[in-house]
Amino acid sequence: MAAVTMRLPQARGPVGAGAPRRAEKHLVAPGDTITTDTGYMRGHGTYVEDDKLIASVAGVVERVNKLVCVRALKARYNGEVGDIVVGRITEVQQKRWKVETNSRLDSVLLLSSINLPGGELRRRSAEDELAMRDYLQEGDLISAEVQSIFSDGAVSLHTRSLKYGKLAQGVLVQVSPSLVKRQKTHFHDLPCGASVILGNNGFIWIYPTPEQKEEEAGGFTTNLEPVPLSDREVISRLRNCIVALVTHKMMLFDTSILYCYEASLPHQIKDILKPEVMEEIILEARQRLLDLEG
Amino acid sequence: DLRVDGRGCEDYRCAEVETDVVSNTSGSARVKLGDTDVLVGIKAEMGTPKLEKPDEGYLEFFVDCSSNATPELEGRGGEELGTDIANTLCRVFSCENSVDLKSLCINPREHCWVLYVDVLLLECGGNIFDAISIAVKAALFNTRIPKVRVLEDEEGTKEIELSDDPYDCIRLNVEEVPCIVTLSKIGYRHVVDATLQEEACSLASLLISVTSKGSLTSMKKVGKGSLDPESIFEMMETGQRVGKSLHIALQKILDEEESLGTSRPKVGFLG
């Protein structure tokens with residue numbers, strides 16, 4: 001039976017009205033004066049006009065001794081060595097793949113940076129180059145780690161571990177990179193029955209937990225069997241919870257996603273996206289997180 | 001029967017409808033269906049009737065796809081999509097009973113009301129045809145056309161007199177106005193109200209315009225894939241069912257808004 005819900009619009013209240021203000025952060029908008037003191041050096045996100053230091057992006061002011069810079073809250077992903085990213089292959093070039101990772105430039109995955117069947121220290125031959133498309137095609141999703149950064153800011157990736165590789169069945173959620181909390185590990189197996197990869201670039205991959213830890217050849221084989229309905233329900237619920245957390249600008253990490261999931265259990269999956277249900281769930285999750293800290 | 005966001009195959013996203021948002025139009029409505037945002041304004045102007053229908057008024061559709069809607073619509077990209085939507089709306093409303101055009105006539109063969117329907121696509125989040133048709137119906141419900149009287153002089157020249165009371169106007173009967181239901185074929189099933197990601201996965205879609213009683217006024221197939229005749233029948237039946245519940249929900253919300261009267265808090269665009 002079709003369900004069509006319509007409503008009259010309501011004026012939106014301030015987002016995160018219940019969040020307590022911990023430390024006073026110096027928030028600026030483009031054009032705001034940061035300081036009129038001329039002794040500071042200007043960093044990223046600032047410019048000097050009429051002896052005043054003015055912000056050029058909307059964000060938080062960070063000061064290190066004499067250097068003042070503004071870190072934007074909504075920006076493209078800036079790669080750091082060691083970050084986990086989830087990306088989509090956009091091009092297959094001669095000895096490398098171009099990967100889209102929500103950053104200013106496309107990231108690069110070199111042929112020498114992936115695991116090929118036949119051992120680690122094989123020399124990449126011409127046949128490997130011709131067979132590149134058999135491993136990764138345009139449109140495939142991969143999980144990888146940042147190996148290094150080029151001088152122009154482009155990121156070089158590698159998948160030299162069995163936990164990285166091509167991603168098979170699951171759901172991708174795209175959020176802002178600043179909302180993903182930096183943690184020790186970004187691969188989480190949630191107790192509710194699904195696993196999640198929190199990419200630092202804002203791409204979050206939710207997939208059903210594999211039954212046994214298969215030792216695949218470099219992680220390039222994809223499992224295309226149909227996923228059972230119970231797993232799909234868990235994944236849909238997680239996806240809606242993540243969307244709810246993002247709408248309320250909360251940091252994403254395994255505990256917050258789990259609390260939000262547990263708070264959403266009494267509701268139907270499609271109801272989570274309704275504004276009033278979303279607020280209720282977020283309030284409960286936020287309360288539990290505060291209790292955890294305090 | 002479970003989609004990525006938890007909906008069933010026949011469920012719509014939560015929609016927000018508000019009428020009377022633009023003050024200098026005869027009627028307007030704004031509809032937000034998930035991420036899709038559509039604004040419709042209707043202006044009633046006097047014109048001459050068409051030659052083949054001398055005692056009826058008519059509707060003119062114009063669709064403007066804002067460059068903010070999606071990156072592909074930058075610059076001139078939105079014109080093709082705009083004309084496509086306008087032509088679809090013309091076909092949908094070409095059915096005789098959808099709007100009572102005879103009530104738009106002032107003087108047969110000489111004067112009639114022309115309703116210029118302007119659609120502005122603010123944000124494209126999938127399923128634009130449905131959102132536009134809902135907004136057009138809501139705007140037509142909200143339209144107030146001033147009452148005019150025709151006075152005849154001794155020499156035979158006709159004068160049109162507008163009534164002095166600004167609240168003295170005629171409203172349109174929107175019971176037979178159809179709404180478009182888009183059914184997208186994904187794999188072997190079809191879904192209603194596809195999001196952008198679901199539209200990217202579907203190769204073919206069927207646009208059906210359904211009235212509140214369940215009768216179809218027009219049908220159009222879009223997309224580069226093909227549709228089996230059997231699945232077309234199934235999709236038509238689904239479309240009729242979904243269309244009827246869509247009309248019921250929309251009418252309920254329009255009546256609710258009407259009953260709040262002038263004390264309704266107007267949210268508009270800055271709410």
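These figures come from a predicted structure and were not determined experimentally. In what follows, chains are A, B, ... by sequence order, proteins preceding strands, each numbered from 1.
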Winner by heavy-atom pair count (cut-off under 4.5 Å) against chain B, out of A:Val171, A:Ile235, A:Asn240, A:Asp271: A:Asn240

Check: B:Phe93 ring centroid to B:Phe61 ring centroid under 6.0 Å: yes

Using non-hydrogen atoms and a 4.5 Å limit, figure out which bit of [X] sits close to chain B: side chain, backbone, both or neither.
X        : value
A:Leu8   : both
A:Glu233 : both
A:Arg7   : both

NZ/NE/NH1/NH2 to OD/OE distance under 4.0 Å, A:Glu262 and A:Arg288: yes

Pairing of B:Glu16 and B:Arg30 as salt bridge, 4.0 angstrom limit: no

A:Asp189-A:Thr209 side chain donor-acceptor pair, cut-off 3.5 Å: no

Under 4.5 Å from a heavy atom of chain A, the part of B:Leu33 involved: neither

Part of B:Leu260 lying under 4.5 Å from any heavy atom of chain A: side chain

Candidate list A:Thr101, A:Thr90, A:Asn201, test side-chain hydrogen bond (donor to acceptor under 3.5 Å, both in side chains), partner A:Ser107, passing option: A:Thr101

